[in-house]
Amino acid sequence: MSSEAVRPRGRPAHTPGTTILTYTPDGKRVITAGSNSAIRIYAVGQDGEPTTVDEGVEGHFGIAATNDSFVMGAEDGTVWQYELQSGKMQKLLVRCALPIRDLDISRDGEWVAVASDELTVKIVNVEDMTKVKYLRDQSKGSKHVSFDPSGRYIAVSCTDGLLYVYSLASDEPELVQKLDGVIRRLEAEEEATSSAVWHPDGTAFATAQTTRDILVFSTIEWGKQKAFSGGHNGEVTALGWSPNGALLATAGADGQILLWEVKTQNILRRYDFANVINLAWHPTDNSLSFTTSDGELFIHDDFVPREYLPLLEKPLQSAPLISAPLAETSGNVRRPVPSRPKEGLENRRREGTPDSLDDILGPMDEDDDFIVDDDGAGYAEGINTYGKRTNGHLDDLQGHDDKKQFTGFWKPRTHSPLQPGSTPWRGNRRYLCLNLTGFVWTVDQETHNTVTVEFYDRELHRNFHFTDPYLYDKACLNENGTLFSSPATDENLATIFYRPHETWTTRRDWRTQLPEGEEVRALALSDNYIVAVTTKDYVRVYTLFGTPYRLYRQKSPAVTCAAWRDYVMTVGNGPVGTNGHATLKYSIENVKRDEIHQNEDVVALPEGSELKSVFFSDNGDPCIYDSDGVLLILQHWRMQGQARWVPLLDTKQLERLAGGRKEETYWPVAVAQDKFHCIILKGGEKYPYFPRPLLSEFDFQIPISTAPRKDDENEEEAATRNDGARFEEAFVRQTLFLTLFQDLISSTNATPSQRTEMARKELEVDKVLLQMLAVECREGEERGMKALELVSLMRDRSGKMLEAASKVAQRYGRSVLEDKIREIAERRIMGEEEDDELA
């Protein structure tokens, strides 16, 4: 034991038998219950007598708490909620026919999971006990139940040794894993534990094994990870992660509590305490509380010795997975200093000079670097094998814009290949695809990868998981199937693999290999075709069933591609601009009709900006997202020479970022339902990571103008100008979508519903103009010219909108403007009559 820690005294709390405890989330109280009817509430940091609640029933086996209340499950099958401050019973949440064995409460405090000897686990809403969710797949009674930190999963440990993991992403819980051999087969009354204890980062849980080791299981690939071995000589009775996940405490029937370092799985300290059956870490302090089968409570302050306290003070640490993804990619990790090879130093000794510096000092040890990167600034990264500082700390050859130096070798900067929706490796895992259909990720298992495909709509498609010996590095996903490609290896050529979700015959996967020396740079998948751009600058088009449909060489070196129905968009590096960067060029063609709509046109990116993603909207219009956070859509792209990129949204101008209130960026996912769907990345993050982040959506907002400053004008004027700016943006946006729709129906045989939709979009534009007219009329008679211009922009030919415009002018007393509007209406009527006569 640590010499600085004082051994805590046991506090008699209950009669001998099962004794349970929990902290409140704020750490201010410890609540215990046991085989008798009493409930004890201890104030943390005070040695006074606890508050005793005698209203309880006998035989408590389950406990959970919030900052305002706590919940108790008893042997008689009842689950009661108590008020924390007074200790009074509030209400009966649920009643079971058989004894309650365990309780857990979701992090938001809204749901309580109830494990009992019954076959069904119930999840009850705390506020409304009539709202109950049922977990029905168990074939035996449940001994433990536990929510994961995010509330996405819940684990149920059964007495038959099976662990059930359910997803709570939807209203109806769905069984996602039934794991055998993960927990022990234990009777409900046994003191040993079979609970799945979730790591605070939510990517793994730990369970006690028959071998008395603690094994970690990943929820990413649902596989065994690292183990805490050689600790206990008796059955493991309790375990718990520290709040930051850096330490693990375990108790055993051998009369010891062990403190483990999670990263190394080493035992840091052993403590002698007999009969411990439950333990809990304080949410914020260096304290561990535990109860024994003797009915005693111990509150062990300064539980972590001083020399190991920095581990407890770290921020949230990653679970001990095989490749510890978070630890390996932390931006705070100091880079190692390159060591100088001993052999190289020996060979560089000056021959015939026994008094040389090397002979005097002797050979330098490999790790004896005399320059230390003690502030993490990277000075030591530039040390060469002679111990000298290289020029790596200097600026690149380009230098400053106003002071460029001549160099004998110059290479233009080109855009690297881009697979939309894919993220780079982080630790041992990465996303291969993220879109509105679902997501595909892969995990590096050293000798092979494991690939998981999940869908948002699980009623339509079932998730699947497979072992990947080909090491797929690119993927696409849609409602029809999943597409993969792998790089060439010593054993295999570059491969394209397609797996359809459903067919009316037996499902037929297909795989094809590229010629030797050729690899895939980017993939795209539409409802009708598969597209691959390769390192040979070939564009390879296949049907969904593997038939090669088209092959041609791209005019510019391939970067990426996208597809929608019969349309294929390819992007490549074009001519080098004045800044030394290659200009991106794009082409769009209709594969089925063999029609080229745009041929090597320029992707509109400002200087210094990079392409982050390219995709088609749900209406089939090409979109790009750049590193400046701007989303653009391609207008008039079906007409050669007419295409232009129009900004739909500048994320840096979002209202949520005003005043520097948030530091966040956005990962593009899709443009659908007239919204920008993305993933919000907090503080400095560049890519989404695990656990899977939630999708967010933003309305389009074309950057027309900024809102006027309120301190420059009165509130009424500011409100009017704000309305004007808002309507101006809406007018430009609605007009844009109207032209996109006009282009669509002009290239196809318009259906009656499309023509009706066309009329509706025209009417929406006119309504915005009518709102803008009202703003101008409020401004005064001097704005009459602009007001009349707005009326002339109206598209309605029936006269209804012009009549409404004249009424607006009449309401604000603009008689001259009203007369002008009526003249426009008359001219339009006369013009239509002339057109009819000519027809």
Side-chain angles (χ1 to χ4, degrees), residues 221 322-323 411 414-434 439-453 464-478 481-500 508-526 529-563 568-573 582 611 613-614 687:
E221 63 271 11
I322 290 176
S323 295
K411 184 178 180 181
T414 59
H415 202 293
S416 302
L418 170 67
Q419 179 62 41
S422 173
T423 68
W425 287 103
R426 184 173 174 182
N428 68 334
R429 53 177 52 83
R430 61 178 290 208
Y431 287 105
L432 297 181
C433 179
L434 275 166
F439 42 98
V440 183
W441 78 79
T442 183
V443 179
D444 182 6
Q445 305 288 2
E446 297 183 358
T447 60
H448 64 278
N449 290 354
T450 54
V451 175
T452 302
V453 180
F464 61 91
H465 174 89
F466 62 90
T467 300
D468 168 26
Y470 294 94
L471 309 181
Y472 296 125
D473 63 343
K474 297 175 180 64
C476 298
L477 177 68
N478 66 10
T482 313
L483 177 67
F484 299 92
S485 73
S486 63
T489 62
D490 294 337
E491 296 80 16
N492 300 300
L493 298 174
T495 302
I496 296 175
F497 169 60
Y498 179 68
R499 171 180 171 142
R508 175 82 177 181
D509 303 346
W510 62 267
R511 180 178 285 106
T512 185
Q513 292 183 327
L514 300 186
E516 186 174 356
E518 185 177 358
E519 296 191 9
V520 175
R521 280 185 175 157
L523 283 175
L525 174 64
S526 75
Y529 295 100
I530 289 168
V531 184
V533 293
T534 72
T535 53
K536 296 287 188 181
D537 295 328
Y538 289 144
V539 178
R540 296 180 176 272
V541 182
Y542 304 85
T543 66
L544 294 185
F545 299 101
T547 303
Y549 192 79
R550 188 150 294 148
L551 171 64
Y552 58 92
R553 172 164 282 174
Q554 196 170 333
K555 295 180 181 179
S556 54
V559 171
T560 187
C561 60
V568 172
M569 178 179 179
T570 58
V571 180
N573 286 299
L611 183 66
S613 189
V614 55
Y687 306 99

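In this chain, residues are counted from 1 in sequence order. Quick caveat: nothing in here was measured; it's all calculated off a predicted structure.
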Within a strict 4.5 Å, meaning less than it, do heavy atoms of the [X] and [Y] side chains meet?
{"X": "Y529", "Y": "Y542", "result": "no"}
{"X": "I496", "Y": "L483", "result": "yes"}
{"X": "S486", "Y": "N492", "result": "no"}
{"X": "W425", "Y": "T442", "result": "yes"}
{"X": "D444", "Y": "R429", "result": "no"}
{"X": "T543", "Y": "I530", "result": "no"}
{"X": "W510", "Y": "T547", "result": "no"}
{"X": "D509", "Y": "F497", "result": "yes"}

Distance in Å, [X] [atom1] paired with [Y] [atom2], rounded so as to fall on 0.5 Å steps:
{"X": "T414", "Y": "N573", "atom1": "OG1", "atom2": "CG", "answer": "4.5 Å"}
{"X": "L493", "Y": "L514", "atom1": "CG", "atom2": "CG", "answer": "8.0 Å"}
{"X": "Y687", "Y": "L434", "atom1": "OH", "atom2": "CG", "answer": "13.0 Å"}
{"X": "L523", "Y": "Q419", "atom1": "CG", "atom2": "CD", "answer": "5.5 Å"}
{"X": "C561", "Y": "L418", "atom1": "SG", "atom2": "CG", "answer": "9.5 Å"}

Pairwise salt bridge (charged side-chain N to carboxylate O under 4.0 Å, His left out) hits with a residue in residues 542-558, at least two apart: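 For residues 542-558: R550-D594.
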According to salt bridge (charged side-chain N to carboxylate O under 4.0 Å, His left out), does anything in residues 531-542 pair up with another residue at least two apart or in another chain? List the pairs.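 Qualifying pairs, neighbours excluded: E518-R540, R521-D537.
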Donor-acceptor pair, side chain of [X] and main chain of [Y], under 3.5 angstrom:
{"X": "H415", "Y": "L611", "result": "yes"}
{"X": "S526", "Y": "A563", "result": "no"}
{"X": "N478", "Y": "G481", "result": "yes"}
{"X": "T423", "Y": "Y431", "result": "yes"}

Mind checking what makes side-chain contact (heavy atoms from CB on, under 4.5 Å) contact with [X], not counting sequence neighbours?
{"X": "T482", "result": "V440, V453, F464, L477, F484, H501"}
{"X": "P487", "result": "D473, E519"}
{"X": "T452", "result": "W441, E454, H465"}
{"X": "S416", "result": "none"}

Checking side-chain contact (heavy atoms from CB on, under 4.5 Å) for the pair V614/V559: CA distance, chi angles, key distance, verdict? CA-CA 11 Å; V614 55; V559 171; over 6 Å; no
Can you see whether S422 engages R430 through a side-chain donor-acceptor pair at a distance of less than 3.5 angstrom?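 S422 vs R430: donor-acceptor pair found between side chains.
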Shortest non-hydrogen contact between A475 and C433, atoms and distance: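 Looks like O-CB, 3.6 Å.
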Run the numbers on Y538 and V533 for side-chain contact (heavy atoms from CB on, under 4.5 Å), then give the verdict. CA-CA 6 Å; Y538 289 144; V533 293; over 6 Å; no
